[in-house]
Every structure is written in structure tokens, then in C-alpha cells.
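First the structure, in the form of C-alpha cells, and then the observations on it.
Labels below follow one simple rule: chain letters A, B, ... track the order of the sequence lines, proteins then strands, and each chain is numbered from 1. Excluded from the calculations below are hydrogen atoms, water molecules and symmetry mates; all remaining heavy atoms, backbone and side chain alike, are included.
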There are 2 protein chains.
Amino acid sequence: MSPRSPELSIAELTSVLENFTRMSIRLPSVQRLSFTTLSVLHTLSQRGPKRLTELTASEQVTQSAITQIVTKLERDGLVRREPDPSDGRAVLVHVTPAGAAIVDGRRAERIARLTELADQLTPAERAAIAAALPALARLVELSQQQH
Amino acid sequence: MSPRSPELSIAELTSVLENFTRMSIRLPSVQRLSFTTLSVLHTLSQRGPKRLTELTASEQVTQSAITQIVTKLERDGLVRREPDPSDGRAVLVHVTPAGAAIVDGRRAERIARLTELADQLTPAERAAIAAALPALARLVELSQQQH
DNA sequence: GAAACTAATTAAGTTTCTTATCTACCTTTG
DNA sequence: CAAAGGTAGATAAGAAACTTAATTAGTTTC
């Protein structure tokens, strides 16, 4: 509530984000999907169909691992492979409605949990977070462009 | 810049935090330590010595997994086991200087990366994040009390 | 002080990844 | 256009990181 533009402490921001990471990472999932598998679903759901090689880059695991994950997800009906019309070697992985439902369901859990916590903050605290949201979103955007 | 206390959208906050999680989770680590192993080191470094059962609760894996992780960390000189004077069955796991150095090193990497990104924000954006930091930290605190 | 409980370990098996190799398609170049 | 090299994905085998189940040792309770 002091609008004197205090300097941003990146160390503190880092620490806060670290804790959010560790807080959300262990959310129980109904289906037993590994972290990487969930991340693949999330990526496909958020950014649309992707090749296996693109997923390899974004998820930071080996191409072989992505093949195995996609195979398992396809067997469970959560994604489907489609040929890439522009390249006969490539495959485009699409998320199915069932797959999207899992991503949405997990997001709903997180929203519910955060809502409970945010309810315990003061209105001023909530306003401060709201005011920072666009900047935080920009930070994420910048990070995605970069690498 | 509009200090009219706009309502906080938890859905947007959730989305932003999700992306931060996925952004930081795949940071390359010099030593090949699993996510859970790094999380144990982080917990010990941040909250001091803990019993194996306490780590089991905070890391959300089985007690057996914690035993194996601690054994491996001890073999590598990153933690050490000490008897709990108040309970002959229990063991207190302490992080060693070498273990703390790994945690600090990884934090330094994250800080460096975030600093680069934050430099690309406007001063107003940085100020907005700075103003929200205490509230975000409180949110983390509340979450840790709860569960 | 016997029974029930709790903290940690050990053993064995499963899941999730990696490395190495392979096939198929694409692109380039002589 | 045919051969050479490059890229996308799949497969096999093995390593790493977990799980479940059973065991040991110490603690609490009645």
C-alpha cells in the first residue's frame, strides 16, 4: 500500500516462486500420470498440436521418452496421432476431449485450492496480487520467447 | 497503474503460476539429482533438520523412497544422519555445507535467469510485482500451515 | 511387561526414464 | 535423378526412481 515503487527483489521473487512450484507439484491426480506426462498434456492443451520433436524440446526429456509417453497417452485415449500433411516423416499429436478434461480438472483443483487460500488474504493483499498479474504473465511470455 | 483495487482473478493467477512451475522445473542441474531429491535438499536447507517421516509427509512420496534418497544423499556427502536425542527410533537428517551449496547454486541460476527477464520489464511492471511479493509470500505460508 | 504403535530399513517388483540402434522419409548435390 | 547425408519417429535393452510388503528396533499404554 506504499505506492513508492520499491525496487523488486529478484531473490525474494525467486524464493516465492520456488515455493509455489513445490506446493503445486505434488497435487494428487486421480489418474496416475507422471509429471512429464501431465506436462505433455498441458502443453498440447495450451499450445495446440505438436510434433514429437517439438515436445522433446519443450519437455526436456529424450525423444524416446516422448514416443513412449505419447504411445501410452494414445492407448488411454487422451491424445491421438495424426500424420503431418506437410512432412511424411512427422506426426502431429492432438489432445482429445478426454485429455483436455484431465488438464481442466487439475486446473480446477488448483483454482479451488488457491481460492481457499486467497480468501484468507486481506482485500489489499488480493489487490496487490491482481495488480501484479499482467507483469507476471509478461515474465512468463518473455521466458517462452527466449528459450 | 490503476489503484482501483481490481478483483483478483484466481484462474489467471493459477495459470501464471502453472507456467512458472513448468518453466523452472526443467532447469539443468550439474549433478544428476532427481526432482524429489532436490526437493528434499531444499526442504532441509530451508527448514532445518527433519526426521524421515517428516520428509515423507512434505515430499509426498513413500517412507521407503525417502530412506533411499537420504541414503544416496548421505553417500554423496550432501546430508548426514544423526540420532534424535528425544526418540531412539528416529533419525534427524541434516544438510551438509556441500548439500547447501547445491541448493544455493541452483537458486543462483534461477535468480540470474529471472534477473535477465525482469530487466526486460518496465519499471512500473517491476514495481507491481514488488508490491505483490509480500502477499504472494503470505499465500505460500498459508498453504504450508494448512497441509 | 505384554500388546499395540511408530520410525526406519530392506527386498523385490513396477514405472519411467536413458542410450543405442534402426527404419522411413526428406533434402541436397553432383 | 540417384546417391549421400540429414531428420522424424519407433524399438530394444538397461538404468534410475519409485512402490508395496515384510522386518527390525525402539516407544507408549494399560
Rounded interatomic separation in angstrom, taking [atom1] from [X] and [atom2] from [N]:
{"X": "B:Glu54", "N": "C:dT6", "atom1": "CD", "atom2": "C1'", "answer": "13 Å"}
{"X": "A:Arg51", "N": "C:dA24", "atom1": "CZ", "atom2": "P", "answer": "19 Å"}
{"X": "A:Phe35", "N": "D:dC18", "atom1": "CZ", "atom2": "P", "answer": "13 Å"}
{"X": "B:Ile69", "N": "D:dT19", "atom1": "CD1", "atom2": "P", "answer": "8 Å"}
{"X": "A:Leu73", "N": "C:dT16", "atom1": "CG", "atom2": "P", "answer": "10 Å"}
{"X": "B:Gln60", "N": "D:dC18", "atom1": "CD", "atom2": "C1'", "answer": "15 Å"}
{"X": "B:Leu33", "N": "D:dA15", "atom1": "CG", "atom2": "P", "answer": "20 Å"}
{"X": "B:Ile66", "N": "C:dT9", "atom1": "CD1", "atom2": "C1'", "answer": "14 Å"}

So, is [X] close to the [N] phosphate, meaning a side-chain N or O under 4.0 Å from OP1 or OP2?
{"X": "B:Lys72", "N": "D:dA17", "answer": "yes"}
{"X": "A:Arg81", "N": "D:dA8", "answer": "no"}
{"X": "B:Thr36", "N": "D:dC18", "answer": "yes"}
{"X": "A:Thr67", "N": "D:dA10", "answer": "yes"}

(Q) A side-chain contact here means heavy atoms from C-beta on lying under 4.5 Å apart; do B:Leu13 and B:Leu139 qualify? (A) yes

Q.
Under a 3.5 Å cutoff, is there a donor and acceptor pairing between the side chains of A:Ser39 and A:Thr36?
A. no

Q: Apply the test side-chain hydrogen bond (donor to acceptor under 3.5 Å, both in side chains) to residues B:Arg138 and A:Thr122: give CA-CA distance (whole Å), side-chain angles for both, the deciding distance (0.1 Å), then the verdict.
A: CA-CA 10 Å; B:Arg138 263 253 294 160; A:Thr122 66; 5.7 Å; no

Q: Within residues 84-95 of chain A, find the residues that approach DNA chain C with a heavy atom at under 4.0 Å, and present them sorted by residue number.
A: A:Asp87, A:Gly88, A:Arg89

Q: Begin from the C-alpha positions of B:Arg80 and B:Glu74 and carry the test salt bridge (Lys or Arg N to Asp or Glu O under 4.0 Å) through to its verdict.
A: CA-CA 5 Å; B:Arg80 64 172 194 283; B:Glu74 192 172 36; over 6 Å; no

**Q.** CA sep, side-chain torsions, deciding dist, call: A:Arg47, A:Ser58, side-chain hydrogen bond (donor to acceptor under 3.5 Å, both in side chains)
**A.** CA-CA 11 Å; A:Arg47 303 223 220 301; A:Ser58 68; over 6 Å; no

**Q.** A:Thr43: which of A:Glu59, A:Glu54, A:Lys50 passes side-chain hydrogen bond (donor to acceptor under 3.5 Å, both in side chains)
**A.** A:Glu59

Q. Run the side-chain hydrogen bond (donor to acceptor under 3.5 Å, both in side chains) check on B:Thr67 and B:Gln63 step by step: do they pass?
A. CA-CA 6 Å; B:Thr67 294; B:Gln63 196 197 35; 5.6 Å; no

Expected rows: protein N/O vs nucleotides 20-22 of chain D N/O, under 3.5 Å:
{"residue": "D:dT20", "atom": "O4", "partner": "B:Ser64", "partner atom": "OG", "Å": "3.0"}

**Q.** OG on B:Ser86 to CZ on B:Arg51, rounded to 0.5 Å
**A.** 5.5 Å

Q: Using the test side chain to side chain donor-acceptor pair (under 3.5 Å), find all partners of B:Asp87 that sit at least two apart in sequence or belong to another chain.
A: B:Arg89

